[in-house]
Visitor: 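The structure that follows is given in the form of structure tokens.
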Amino acid sequence: MKRIFVVVFSLMVFSVQVYAQNGKSGIIKFESTFDPAALTAANGIKLSNEAAARMPGSSITSFELLFNPDKGIYRQVAEPNKNKHTHYSGSGFFGAGPSRHYYYNFENHHLLQAFVLNDTLFLVEDKLGILPVPGDSVNHPAPVIEYTKSDEIKQILGFNCHQVTASIKLKHKIQGVEKEITDQFILWYTNEPGFDFSPNPVLWTEGVVLAIEGKGTRTEAKSMHYQDVNPKELDLPANRIIINQEQLRSKIDLRRKQANLSRIGSWN
């Protein structure tokens with residue numbers, strides 16, 4: 001009888017341990033929708049019937065966050081019947097391009113964004129909730145983001161998510177005249193999973209952001225599963241070169257100058 005009790009107790013302990021481990025690692029599936037027509041209308045731009053007919057339709061891109069207690073990787077999911085090689089995007093203020101690829105360190109909020117330049121894979125150092133400084137700070141000053149919390153709560157994947165509105169002000173000098181553009185995004189976040197993350201690293205205040213709504217754009221978590229994650233799946237690529245934001249700007253400026261010289265040479 002004592003032996004049976006020990007076996008049952010051991011199984012109970014093992015079950016609890018497995019559940020705890022699964023609760024610390026897993027995968028969240030996201031869908032990102034872009035609707036050019038909705039974006040145009042939201043910006044107050046009226047198109048002719050002919051122009052509206054040529055407007056591309058809305059598109060949906062799938063992403064996933066694979067995570068364990070310490071780190072995670074957010075990446076685009078390869079579509080069926082398409083090239084499944086990892087595709088890295090460029091870099092930008094509000095999420096780069098459609099093929100965003102980030103490596104997150106949950107402990108210190110640091111992250112690395114994958115960026116290919118001249119066929120070389122760079123990982124650009126960044127931090128959650130921090131705006132990168134633009135290279136041309138005279139004509140393009142850094143955007144200013146103001147967050148406004150709301151008492152509104154809604155359920156996403158069974159989590160109680162709180163609403164935050166991000167108001168973004170962008171200033172541009174066009175022919176010497178400074179113009180200000182204001183945009184807004186609505187974030188839905190929860191602190192229940194126990195780590196900090198956003199599918200757009202610039203837009204974050206706390207917790208895990210499960211949805212971001214903007215003009216003609218929407219990114220939302222569609223499923224979440226706790227499962228074992230092989231640590232090697234979260235490792236950085238072997239062929240990467242890690243650089244900071246200043247080094248990235250220098251490389252982009254150099255590439256721009258080389259492209260300009262190439263165009264000038266082609267005219268001669």
Side-chain angles (χ1 to χ4, degrees), residues 27-45 55-65 67 72 74-77 89 91-102 104 106 109 111 113 126-132 134 141-172 179-224:
I27 185 170
I28 305 177
K29 298 281 189 178
F30 288 84
E31 280 189 358
S32 183
T33 304
F34 175 59
D35 188 339
L39 175 62
T40 302
N43 286 322
I45 301 174
M55 180 76 68
S58 62
S59 61
I60 298 177
T61 307
S62 298
F63 294 88
E64 65 183 15
L65 172 70
F67 66 91
Y74 183 71
R75 61 194 177 189
Q76 183 177 350
V77 178
S89 72
S91 180
F93 273 127
F94 301 112
S99 301
R100 297 188 295 276
H101 205 109
Y102 299 108
Y104 285 81
F106 297 143
H109 293 166
L111 60 103
Q113 179 182 354
D126 212 336
K127 194 167 185 179
L128 196 61
I130 301 297
L131 274 169
V144 176
I145 302 182
E146 295 180 355
Y147 291 100
T148 304
K149 290 190 175 183
S150 167
D151 293 332
E152 190 170 348
I153 296 175
K154 76 172 182 178
Q155 291 264 321
I156 299 178
L157 303 182
F159 294 109
N160 291 319
C161 292
H162 305 268
Q163 185 192 80
V164 174
T165 300
S167 299
I168 303 169
K169 294 182 180 180
L170 298 162
K171 291 183 179 180
H172 291 278
K179 293 187 177 182
E180 184 175 273
I181 301 173
T182 302
D183 204 352
Q184 283 191 338
F185 291 88
I186 295 177
L187 284 59
W188 295 94
Y189 74 91
T190 175
N191 288 309
E192 294 176 40
F195 59 92
D196 296 322
F197 163 82
S198 175
N200 186 332
V202 171
L203 300 174
W204 175 83
T205 54
E206 61 181 290
V208 176
V209 177
L210 292 180
I212 301 176
E213 304 165 2
K215 294 179 181 178
T217 64
R218 180 182 181 86
T219 299
E220 184 173 1
K222 294 298 182 180
S223 66
M224 179 175 182

Visitor: Hey, could you give me the CG/CG distance between Asn191 and Asp196, rounded to the nearest 0.5 Å?
Guide: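 Between atom CG of Asn191 and atom CG of Asp196 there are 7.0 Å.
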Visitor: Where is the tightest heavy-atom contact between Pro36 and Pro56, given as atom of each residue plus distance?
Guide: CG-O, 3.6 Å
Visitor: Does the side chain of Ile212 come within less than 4.5 Å of Pro199's, by heavy atoms?
Guide: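 Of all side-chain heavy-atom pairs linking Ile212 with Pro199, at least one is under 4.5 Å.
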Visitor: Which heavy atom in Leu210 sits nearest to a heavy atom in Phe159, and how many Å separate them?
Guide: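 Looking at all heavy atoms of both residues, the closest pair is CD1-CD1, 3.9 Å.
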Visitor: Determine the minimum heavy-atom distance between Ser32 and Phe63, stating which atoms define it.
Guide: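 The pair with the smallest heavy-atom distance is CB-CE1, 3.7 Å.
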Visitor: Only counting residues at least two apart or in another chain, list the ones meeting side-chain contact (heavy atoms from CB on, under 4.5 Å) with Ile153.
Guide: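 Asn160, His162.
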Visitor: Within a radius of less than 6.0 Å around NZ of Lys169, do more than 12 heavy atoms belonging to other residues, nucleotides or ligands occur?
Guide: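 Counting neighbours around NZ of Lys169, 12 or fewer heavy atoms of other residues, nucleotides or ligands fall under 6.0 Å, so no.
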Visitor: Measure across Gly214 and Phe185 and return the closest heavy-atom pair with its distance rounded to 0.1 Å.
Guide: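 Looking at all heavy atoms of both residues, the shortest contact is CA-CD2, 3.8 Å.
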Visitor: When rounded to the nearest 0.5 angstrom, what is the spacing between CE in Met224 and NZ in Lys29?
Guide: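 Atom-to-atom, Met224:CE and Lys29:NZ are 13.5 Å apart.
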Visitor: Only one of Ile145, Ile186, Val209 clears side chain to side chain contact (heavy atoms under 4.5 Å, CB included) with Leu203; which?
Guide: Ile145
Visitor: Counting C-beta onward and ignoring hydrogens, is there a side-chain heavy-atom pair between Phe67 and Ile28 closer than 4.5 Å?
Guide: yes
Visitor: Do His101 and Gln76 come within less than 4.5 Å of each other through their side chains, counting heavy atoms only?
Guide: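 No - every pair of side-chain heavy atoms lies 4.5 Å or more apart.
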Visitor: Are Phe30 and Tyr74 an aromatic pair, judged by ring center distance below 6.0 Å?
Guide: yes
Visitor: Can you tell me which residue among Glu220, Glu213, Glu152, Gln163 is in a side chain to side chain donor-acceptor pair (under 3.5 Å) with Trp188?
Guide: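 Single side chain to side chain donor-acceptor pair (under 3.5 Å) partner of Trp188 among Glu220, Glu213, Glu152, Gln163: Glu213.
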Visitor: Could you work out, with ring pair (Phe, Tyr, Trp, His ring centres under 6.0 Å) as the rule, every residue matching Phe106, not counting sequence neighbours?
Guide: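 Phe106 satisfies ring pair (Phe, Tyr, Trp, His ring centres under 6.0 Å) with Phe195 only.
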Visitor: Can a donor-acceptor pair be found, under 3.5 Å and without considering hydrogens, that links the side chain of Tyr102 to the backbone of Asn200?
Guide: no
Visitor: Give me the atom names and distance for the closest heavy-atom approach of Lys215 to Thr182.
Guide: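 The pair with the smallest heavy-atom distance is NZ-O, 4.0 Å.
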Visitor: Sequence neighbours excluded, which residues qualify as side-chain contact (heavy atoms from CB on, under 4.5 Å) partners of Ser62?
Guide: Glu31, Val77
Visitor: How far apart are the closest heavy atoms of Tyr147 and Ala166, and which atoms are they?
Guide: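 Answer, listing the atom of Tyr147 first, then Ala166: CE2-CB, 3.6 Å.
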Visitor: Measuring only between side-chain heavy atoms, which start at C-beta, is Tyr189 closer than 4.5 Å to Ser198?
Guide: no
